[in-house]
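Keep in mind that this is a model prediction, so the values were computed, not measured.
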Amino acid sequence: LFETHSAKQNEYQRNVSILIHTIKVEVDRVLALTSTLESKNEECDSVGARLNDAFEQVTMLQTELQTQRESYFKKVTEIETLRKSRPQPQRCCSSTDRPSPLVAFPS
């Protein structure tokens with residue numbers, strides 16, 4: 001009876017030791033995964049901050065581009081208005097009265 005009890009106690013202790021070892025291995029694995037997760041969270045935060053910065057820059061550039069477009073079209077409109085309001089040169093001669101631009105000189 002004592003040997004049976006001792007054998008069962010030894011088996012129980014062996015099983016407990018195996019379970020403790022398994023738990024330690026799993027705890028170490030969870031700790032490693034937690035560390036990796038924290039690292040990835042920090043990486044995600046960093047990427048998120050960079051994306052926010054890039055988005056702000058894109059927004060500023062879009063605003064600047066829109067302002068430059070409006071300025072360009074305003075200047076084009078001003079030029080067209082000036083062109084239309086400029087007095088046209090008066091024609092004093094018909095095209096047949098003008099001298100030919102190609103004048104032959106004796107050689």
Next item on the list: Test salt bridge (charged side-chain N to carboxylate O under 4.0 Å, His left out) on Arg83 and Glu80 and set out the steps.
Entry: CA-CA 5 Å; Arg83 226 183 245 154; Glu80 288 298 319; 3.0 Å; yes
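Thr63 contributes a side-chain N or O that, together with a main-chain N or O of Thr59, makes up a donor-acceptor pair within less than 3.5 Å. The main-chain N or O of Ser35 is never found under 3.5 Å from a side-chain atom of Ser39 such that the two would form a donor-acceptor pair. Of the possible donor and acceptor atoms, none in the side chain of Ser71 sits under 3.5 Å from a partner among the backbone N and O of Thr67. The backbone N or O of Glu42 lies less than 3.5 Å from no partner atom in the side chain of Ser46, so there is not a single donor-acceptor pair.
With rounding to the nearest 0.5 Å, the separation of CD in Gln13 from CD1 in Ile20 is 10.0 Å. Separating the CD1 atom in Ile23 from the CD1 atom in Ile18 is a distance of 12.0 Å, to the nearest 0.5 Å. Rounding to the nearest 0.5 angstrom, the gap separating the CG atom in Asn15 from the OG1 atom in Thr22 is 10.0 Å. Here the CZ atom belonging to Arg69 is positioned 4.5 Å from the CG atom belonging to Leu65, to the nearest 0.5 angstrom. Atoms CG and NE2, on Asn10 and His5 in that order, are 9.5 Å from each other to the nearest 0.5 Å.
Electrostatic pairing of Glu26 and Arg29 counts as a salt bridge here, judged by a charged N lying under 4.0 Å from a carboxylate O.
Checking Gln66 against Gln62 by side-chain atom types alone, no donor-acceptor pair falls below 3.5 Å.
Checking each of Asn41, Thr34, Leu33 against Leu37 for a side chain to side chain contact (heavy atoms under 4.5 Å, CB included) leaves exactly one that passes, namely Asn41.
Contact annotation: the side chain of Leu61 approaches that of Glu64 to within less than 4.5 Å [non-hydrogen atoms, C-beta and beyond].
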